[in-house]
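To start, the structure itself, in C-alpha cells.
Numbers here are sequence positions counted from 1. Keep in mind the model is a prediction, meaning the values are calculated, not measured. Side chains are part of it too, since the values below use all heavy atoms of this structure and drop only hydrogens, waters and symmetry mates.
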Amino acid sequence: MTDLSTTIAGVRFPSCFMNAAGALCVTRDELVALGKSAAGAIVTKSMTVEPRQGNPEPRYYGFPGGSINSMGLPNLGYKAYAELIPELKRFGKPVVASVAGLCEEDFPTIAAAINAAQPDLIEVNLSCPNIPGKPQIGYDPESSERVIKRVRQIITVPMGLKLPPYFDPAHHEAMGKVIGRYGIDFLNMINSVGNGLVVDPEREAVVIKPKGGFGGLGGRLIKPVALANVRAFYKIFQGRIPIIGTGGVMDGVDAFEHLLCGASAIQVGTVLVEEGLDVFGRLDKELAGILARKGYRSVAECRGMVKEL
Ligand code: IRO
C-alpha cells in the first residue's frame with residue numbers, strides 16, 4: 001500500500017492533499033464539508049478583523065487554462081473562525097487557519113485570537129493580490145519582516161507563510177534571508193499569480209469586475225511558476241523547512257511533480273472549485289497509482305528527488 005500521509009512541523013496529515021485557502025472554505029457549511037470529505041486537512045479562508053462581503057461580482061472566472069479571481073477577502077471575520085475551530089478539529093484531520101489582514105496592525109490582533117483557539121497550524125498570508133490599493137506584503141521584504149516578527153512572538157502552534165510567486169532568484173534569496181531569521185515552521189507557495197488579465201474576445205470585455213478585470217491567476221497555467229518557487233525554497237533551506245506546494249495541480253501527476261521539486265503536501269484551488277470535493281478521492285487514487293508505478297512507497301520517499309541534468 002502506498003502511504004499518502006504526510007507530516008508537516010510534527011503534525012500528521014492523513015492525506016497530503018488539502019484545499020488551498022480560499023477554495024470552498026469561507027462558510028461553516030463549506031468547512032464542515034471539507035471535514036467530511038477525503039481532504040487531508042481543513043484550511044480556512046484567509047480571515048480579516050471584520051467580516052467582509054468581498055469585491056463585487058463577477059469575481060471568479062474559470063477557463064481552459066486555469067482561473068482568474070479577485071474575491072477581495074470575503075470571510076466571516078476572525079472571531080467566527082476562532083469559534084469554529086474546536087468543532088472543526090473533531091474531524092480527525094489538521095485544521096489550518098489562514099490569517100490575513102488589511103494592514104500590518106491586523107496580523108497580530110488576529111494571530112493572538114486564532115492562536116488561542118488552537119488550530120493545528122497557522123498560515124500567515126503575505127500574498128493577497130486583490131485588495132484595491134494594497135500591494136502584496138510578500139513583495140516587500142521589509143514589510144514582510146515587520147509582520148513576521150510580530151506574529152512570530154504571538155503564535156505558538158506551527159506557523160507558516162503563504163508566499164506569492166517570485167520570478168527572480170534575487171527575490172527568492174531576499175525572502176529566504178528574512179524567513180531564515182524567524183524559525184518559520186513551514187512555507188506554502190504559491191498564491192495566485194497576481195494581476196493577470198483575461199479577456200473574452202466575443203464580448204470584447206474583461207471577465208471579472210473588480211480592478212478593471214485584473215486578478216490572480218490559478219490552475220493549469222501557473223504550474224511551472226509554482227514548481228520553480230517550491231524548488232527554489234526547497235534548495236535555499238536544503239529541505240529543512242517543509243513546503244506545501246500549491247499551484248497548477250489538476251491531477252496526480254502534477255502533484256507528483258510538486259513532491260519531486262520538494263513539496264511535502266499539496267493544496268488545490270482551481271480544480272477543487274471546478275470539480276468539487278470528489279476531487280480529493282481522485283487525486284489520492286492518481287497519486288497512489290503513479291507512486292506505485294515508480295516504486296515509491298510514500299510521499300516522503302520522493303520528496304525533493306527531481307534530477308537536475
Ligand atoms: O481575493 C482573495 O480573497 C484572494 C486572496 I485573500 C488570496 O490570498 N489569493 C487570491 O487569489 N485571492
Side-chain angles (χ1 to χ4, degrees), residues 17-34 37 39 42-48 51-77 81 96 98 100 102 123 125-136 138 162-165 188-223 225-226 244 246-251 254 266-280 282-283:
F17 291 105
M18 68 197 87
N19 67 297
L24 306 190
C25 60
V26 175
T27 64
R28 177 182 174 274
D29 285 355
E30 286 176 327
L31 292 162
V32 165
L34 282 166
S37 78
I42 305 171
V43 184
T44 72
K45 173 67 185 170
S46 293
M47 58 193 80
T48 51
R52 285 172 60 85
Q53 295 290 329
N55 289 338
E57 296 179 342
R59 57 191 188 181
Y60 172 92
Y61 180 83
F63 57 100
S67 67
I68 184 167
N69 88 82
S70 183
M71 306 303 289
L73 268 166
N75 78 95
L76 306 178
Y81 294 110
V96 185
S98 175
L102 297 178
E123 179 178 290
N125 186 354
L126 299 180
S127 46
C128 177
N130 298 329
I131 305 301
K134 307 255 184 206
Q136 292 168 74
K162 177 81 171 271
L163 298 177
N188 181 352
M189 71 256 334
I190 58 176
N191 207 319
S192 57
V193 175
N195 297 291
L197 187 62
V198 173
V199 168
D200 178 343
E202 281 312 311
R203 290 165 52 221
E204 304 177 30
V206 302
V207 297
I208 56 172
K209 185 174 172 73
K211 287 178 69 176
F214 286 58
L217 302 172
R220 203 181 297 284
L221 84 173
I222 72 163
K223 185 176 72 175
V225 178
I244 302 176
T246 305
V249 173
M250 313 304 286
D251 60 29
D254 299 324
I266 306 291
Q267 291 185 349
V268 286
T270 301
V271 76
L272 171 57
V273 171
E274 297 293 331
E275 196 172 320
L277 295 167
D278 288 344
V279 75
F280 292 111
R282 175 173 71 80
L283 290 170

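- The backbone N or O of T48 lies less than 3.5 Å from a partner atom in the side chain of N75, making a donor-acceptor pair.
- Taking both residues in full, the closest heavy atoms of Q136 and C128 are given as CG-O, 3.3 Å, listed atom of the first, atom of the second, then distance.
- With K211 contributing its side chain and N130 its backbone, the two residues share no donor-acceptor pair below 3.5 Å.
- Residues F63 and D200 form no side-chain contact, since every pair of their non-hydrogen atoms from C-beta on lies 4.5 Å or further apart.
- In terms of heavy atoms, M250 sits closest to L283 at O-CD2, 4.0 Å.
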Step by step, work out the side-chain contact (heavy atoms from CB on, under 4.5 Å) result for V273 and S67. CA-CA 10 Å; V273 171; S67 67; over 6 Å; no
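- In this structure the side chain of I222 never reaches within 4.5 angstrom of the side chain of T270, judged on heavy atoms.
- Nearest heavy atoms, G248 versus K223: O-CD, 3.8 Å.
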May I have the step-by-step check of side-chain contact (heavy atoms from CB on, under 4.5 Å) for K45 and E30, ending in yes or no? CA-CA 10 Å; K45 173 67 185 170; E30 286 176 327; over 6 Å; no
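- For the atom pair C25 SG and I42 CD1, the distance stands at 10.5 Å (nearest 0.5 Å).
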May I have the step-by-step check of side-chain contact (heavy atoms from CB on, under 4.5 Å) for L34 and M18, ending in yes or no? CA-CA 9 Å; L34 282 166; M18 68 197 87; over 6 Å; no
Stepwise, does the side chain to side chain donor-acceptor pair (under 3.5 Å) test hold for T246 with N188? CA-CA 7 Å; T246 305; N188 181 352; 2.7 Å; yes
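- Nearest approach of A226 to G247, heavy atoms of both residues: CB-O, 3.5 Å.
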Output, in order, the C-alpha distance, side-chain angles, deciding distance and verdict of side-chain contact (heavy atoms from CB on, under 4.5 Å) for F17 and V279. CA-CA 10 Å; F17 291 105; V279 75; over 6 Å; no
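- Rounding to the nearest 0.5 angstrom, the gap separating the CD atom in Q267 from the NZ atom in K162 is 5.5 Å.
- A donor-acceptor pair is defined here as one N or O able to donate and one able to accept, closer than 3.5 Å; no such pair exists between the side chain of D29 and the backbone of T27.
- Taking CG from N19 and CZ from F280, the interatomic distance works out to 5.5 Å, rounded to the nearest 0.5 Å.
- Summarising the geometry of M47 relative to T44, their closest heavy-atom pair is CE-OG1, 3.4 Å, with the distance given to 0.1 Å.
- Between V198 and L217 there is a side-chain heavy-atom pair separated by less than 4.5 Å.
- For the residue pair S98 / N125, no side-chain donor-acceptor distance below 3.5 Å is found, with atom types taken as modelled.
- The backbone N or O of P210 sits nowhere less than 3.5 Å from a side-chain atom of N55 that would complete a donor-acceptor pair.
- Contact of the L73 side chain with the K134 side chain is not registered, since no non-hydrogen atoms from C-beta on lie closer than 4.5 Å.
- To the nearest 0.5 Å, atoms CD1 (I244) and CD1 (I190) are separated by 14.0 Å.
- The nearest pair of heavy atoms linking L277 to A33 is CD1-CB, 3.6 Å.
- For the atom pair CD (Q53) and CE (M71), the distance works out to 11.5 Å, reported to the nearest 0.5 Å.
- Crowding of R52 atom CZ: a count of heavy atoms from other residues, nucleotides or ligands under 6.0 Å exceeding 12.
- In this structure, Y60 contributes its side chain and I208 its backbone to no donor-acceptor pair below 3.5 Å.
- S192 places no side-chain N or O within donor-acceptor distance of the main-chain N or O of G218, the cut-off being under 3.5 Å.
- In this structure, K209 NZ and E57 CD are separated by 11.0 Å, a value rounded to the nearest 0.5 Å.
- Each of N69, I68, V206 was evaluated against Y61; a single residue qualifies, I68, per the side chain to side chain contact (heavy atoms under 4.5 Å, CB included) test.
- F214 CZ: 12 or fewer foreign heavy atoms inside a 6.0 Å radius.
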